Engineer: 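This is the structure I want to talk about, given as structure tokens.
Computed from a prediction, not measured in an experiment: that's the story for all the values here. Computed from heavy atoms alone, side chains included, the values below leave out hydrogens, waters and symmetry copies.
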Amino acid sequence: MAKRERKTTTELKRAALFRTLAPAALTRLALNVTALNLPRGKQLCRSGERCPGLYLVVNGRVMLSIGVPDGAHKVIELIGPGGHIGLAAAVLGAPEAVMAQTLADSSLLLIPCEALLDCAADNPGFALQLVAELSRQVCGLISDIEAFSLHSGRERVAGYLLEVTAASGARPRPVTLPAKKSIIASRLSLTPEYFSRMLHELIASGAIAVNGRQVTVLDPNRLRGPGH
């Protein structure tokens, strides 16, 4: 039991959301956490349902979307290691607003709502961290609305490619896209056909190289387009 709790504590500490918590607080929180190992295609929650708590992604990837179950849907976000699902619903005690489904075999930690809120009540610095994270999510949604309303499809594709390749540094190197092209197209509010056409145009211009799901940004300025 102690070994499992130490592992859970270590995994919590790796996530930015919990990094500021003192060791004793992390250990207490870990006592209430459930580790989950889920196969690809597993649904965590549905829109309108109450989730049992906050999900923290340790490994794998989870897609957040809105729409009709097993039907048409719009991808809202792709959550990778260190990311989380259900924070707003957990804090508000409200039903979840999105559907969450694993895109790959994934390991997650489930932190019950009560344990999360008790931790925030006992640790004011952590409570502020939750506020800051919720604020970042709001700012991210506003940025999405701006992009979908005011930016062209080409600008959205370019911005997304620059974002996912930013961690590779100045030296061009292949970066694997986090999901199928159809899912990324939905994330950018584009049709799969339009997304593919933009990729071909960017390849032809010499801005990027593509090999399956691997993308290399060859010329960031050319990718950004005229005026940059």
Engineer: State, to 0.1 Å, how close G82 and L56 come at their nearest heavy-atom pair, and which atoms those are.
Structural biologist: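 Of all heavy-atom pairs spanning G82 and L56, the closest is O-CD1, 3.7 Å.
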Engineer: Is there a chain of hydrophobic side chains (I, L, V, M, F, W, Y, each step under 4.5 Å between heavy atoms) that links L116 to V57?
Structural biologist: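 In one cluster with L116: V57, no.
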Engineer: Nearest 0.5 angstrom please: C113 SG to N32 CG, how far?
Structural biologist: 12.0 Å
Engineer: With a 4.5 Å limit on heavy-atom distance, are the side chains of C51 and L44 in contact?
Structural biologist: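 The answer is no, as the side chains (C-beta and beyond) never meet within the 4.5 Å cut-off.
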Engineer: Mind checking whether E146 and D144 have side chains closer than 4.5 Å, heavy atoms only?
Structural biologist: no
Engineer: Quick one: does R156's side chain have a donor or acceptor within less than 3.5 Å of a partner on L188's backbone?
Structural biologist: yes
Engineer: Give a yes or no on whether F126 and L128 share a hydrophobic cluster (residues Ile, Leu, Val, Met, Phe, Trp, Tyr; joining criterion: side-chain heavy atoms under 4.5 Å apart).
Structural biologist: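 As far as the 4.5 Å side-chain criterion goes, L128 and F126 are not connected within one cluster.
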Engineer: L38, V33: one ILVMFWY side-chain cluster at the under-4.5 Å cut-off?
Structural biologist: no
Engineer: Measure from the side-chain N and O atoms of K13 to the backbone N and O of F18, and report whether any donor-acceptor pair falls under 3.5 Å.
Structural biologist: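 Pair absent, no side-chain N/O of K13 close to backbone of F18.
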Engineer: At their closest point, which heavy atom of A100 faces which heavy atom of V62, and how far apart are they?
Structural biologist: CB-CG1, 4.0 Å
Engineer: One pair to check against side chain to side chain contact (heavy atoms under 4.5 Å, CB included): H73 and V75. What are the steps and the verdict?
Structural biologist: CA-CA 7 Å; H73 63 272; V75 176; 4.1 Å; yes
Engineer: Decide, yes or no, whether a salt bridge links R187 with E77 under the criterion of side-chain N to carboxylate O below 4.0 Å.
Structural biologist: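 Counted as a salt bridge, because a side-chain N and a carboxylate O are separated by less than 4.0 Å.
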Engineer: Can you tell me how far CZ of F148 sits from OG of S143, rounded to the nearest 0.5 angstrom?
Structural biologist: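 CZ of F148 is found 10.0 Å from OG of S143.
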Engineer: Applying side chain to side chain contact (heavy atoms under 4.5 Å, CB included) to M99 and C45, what does each step give before you reach the verdict?
Structural biologist: CA-CA 6 Å; M99 294 184 288; C45 57; over 6 Å; no
Engineer: Please step through side chain to side chain contact (heavy atoms under 4.5 Å, CB included) for the pair L103 and K180, ending with a clear verdict.
Structural biologist: CA-CA 9 Å; L103 291 179; K180 296 188 298 184; over 6 Å; no
Engineer: Between CZ of R28 and CG of D122, what distance do you get to the nearest 0.5 Å?
Structural biologist: 6.5 Å
Engineer: Ignoring hydrogens, what is the shortest heavy-atom contact between P81 and G60? Give both atom names and the distance.
Structural biologist: CD-O, 3.4 Å
Engineer: With a 4.5 Å cut-off on side-chain heavy atoms, are L21 and L29 touching?
Structural biologist: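 Answer yes - side chains close enough.
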Engineer: Any side-chain heavy-atom pair from V215 and L161 closer than 4.5 angstrom?
Structural biologist: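 Yes, close enough: below the 4.5 Å cut-off.
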Engineer: With D105, which residues qualify under side chain to side chain contact (heavy atoms under 4.5 Å, CB included), at least two apart?
Structural biologist: P39, R40
Engineer: Do L17 and L12 come within less than 4.5 Å of each other through their side chains, counting heavy atoms only?
Structural biologist: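 Of all side-chain heavy-atom pairs linking L12 with L17, none is under 4.5 Å.
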Engineer: Verify, without hydrogens or angle tests, whether S107 (side chain) and V58 (backbone) share a donor-acceptor contact under 3.5 angstrom.
Structural biologist: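 Flag not set: sc S107 to bb V58 has no pair under 3.5 Å.
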Engineer: Any donor-acceptor pair under 3.5 Å linking the side chain of N123 with the backbone of G125?
Structural biologist: no
Engineer: Is the shortest heavy-atom distance from the side chain of T27 to the side chain of E5 under 4.5 Å?
Structural biologist: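 With C-beta onward as the side chain, the pair stays apart.
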Engineer: Do other residues, nucleotides or ligands put more than 12 heavy atoms under 6.0 Å from E201 CD?
Structural biologist: yes
Engineer: How long is the straight-line distance from CD1 of I111 back to CG of L54, given to the nearest 0.5 Å?
Structural biologist: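 That separation rounds to 4.5 Å.
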Engineer: Should L202 and I184 be regarded as members of a common hydrophobic cluster, given that ILVMFWY residues are connected when their side-chain heavy atoms come within less than 4.5 Å of each other, either directly or indirectly?
Structural biologist: yes
Engineer: Considering all heavy atoms of both residues, which atom of A30 and which atom of T8 are nearest to each other, and what is their separation?
Structural biologist: CB-CG2, 3.9 Å
Engineer: Okay, side chain of R222, backbone of S205: is any donor-acceptor separation there less than 3.5 Å?
Structural biologist: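 Confirmed, R222 side chain pairs with S205 backbone.
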Engineer: Quick one: CZ on F195 to CE on M198, what's the gap to the nearest 0.5 Å?
Structural biologist: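 Between F195 CZ and M198 CE, I get 10.5 Å after rounding to 0.5 Å.
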Engineer: Rounded to the nearest 0.5 Å, how far apart are CD of E96 and OH of Y55?
Structural biologist: 9.5 Å
Engineer: Counting distance only, does the side-chain N/O of Q214 pair as donor-acceptor with the main-chain N or O of N211 below 3.5 Å?
Structural biologist: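 No, the answer is negative, given that no donor and acceptor are paired below the 3.5 Å cut-off.
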Engineer: Does the S106 side chain pair with the main chain of T102, one donor and one acceptor, at a distance under 3.5 Å?
Structural biologist: no
Engineer: Can you find a pair of side-chain heavy atoms, one from L87 and one from E133, that are under 4.5 Å apart?
Structural biologist: yes
Engineer: With a 3.5 Å distance limit and no angle check, can you tell me whether Q101 reaches the backbone of G41 through a side-chain donor-acceptor pair?
Structural biologist: yes
Engineer: Any idea which heavy atoms bring I66 and A97 closest together, and the distance?
Structural biologist: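 I66 and A97 have their closest heavy atoms at CG2-O, 3.7 Å.
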Engineer: Check the pair E11, R14 against salt bridge (Lys or Arg N to Asp or Glu O under 4.0 Å), reporting the backbone distance first and the verdict last.
Structural biologist: CA-CA 5 Å; E11 290 170 341; R14 287 191 186 124; 5.1 Å; no
Engineer: Could you walk me through whether L109 and L36 pass the side chain to side chain contact (heavy atoms under 4.5 Å, CB included) test, one step at a time?
Structural biologist: CA-CA 6 Å; L109 298 178; L36 304 172; over 6 Å; no
Engineer: Could you tell me whether a side-chain N or O of R213 sits under 3.5 Å from a main-chain N or O of L177, the two making a donor and an acceptor?
Structural biologist: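 Checked: pair present.
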Engineer: Measure the shortest side-chain to side-chain distance between T165 and Y160 over non-hydrogen atoms and say whether it is less than 4.5 angstrom.
Structural biologist: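 Not touching, per the 4.5 Å side-chain cut-off.
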Engineer: Using modelled atom types only, decide if a donor and an acceptor are shared between the side chain of R154 and the backbone of L223 within a distance under 3.5 Å.
Structural biologist: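 Between the backbone of L223 and the side chain of R154 there is a qualifying donor-acceptor contact (under 3.5 Å).
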Engineer: With clusters defined by side-chain heavy atoms of hydrophobic residues (ILVMFWY) lying less than 4.5 Å apart, directly or transitively, does I79 cluster with L130?
Structural biologist: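 Looking at the clustering, I79 is in a separate group from L130.
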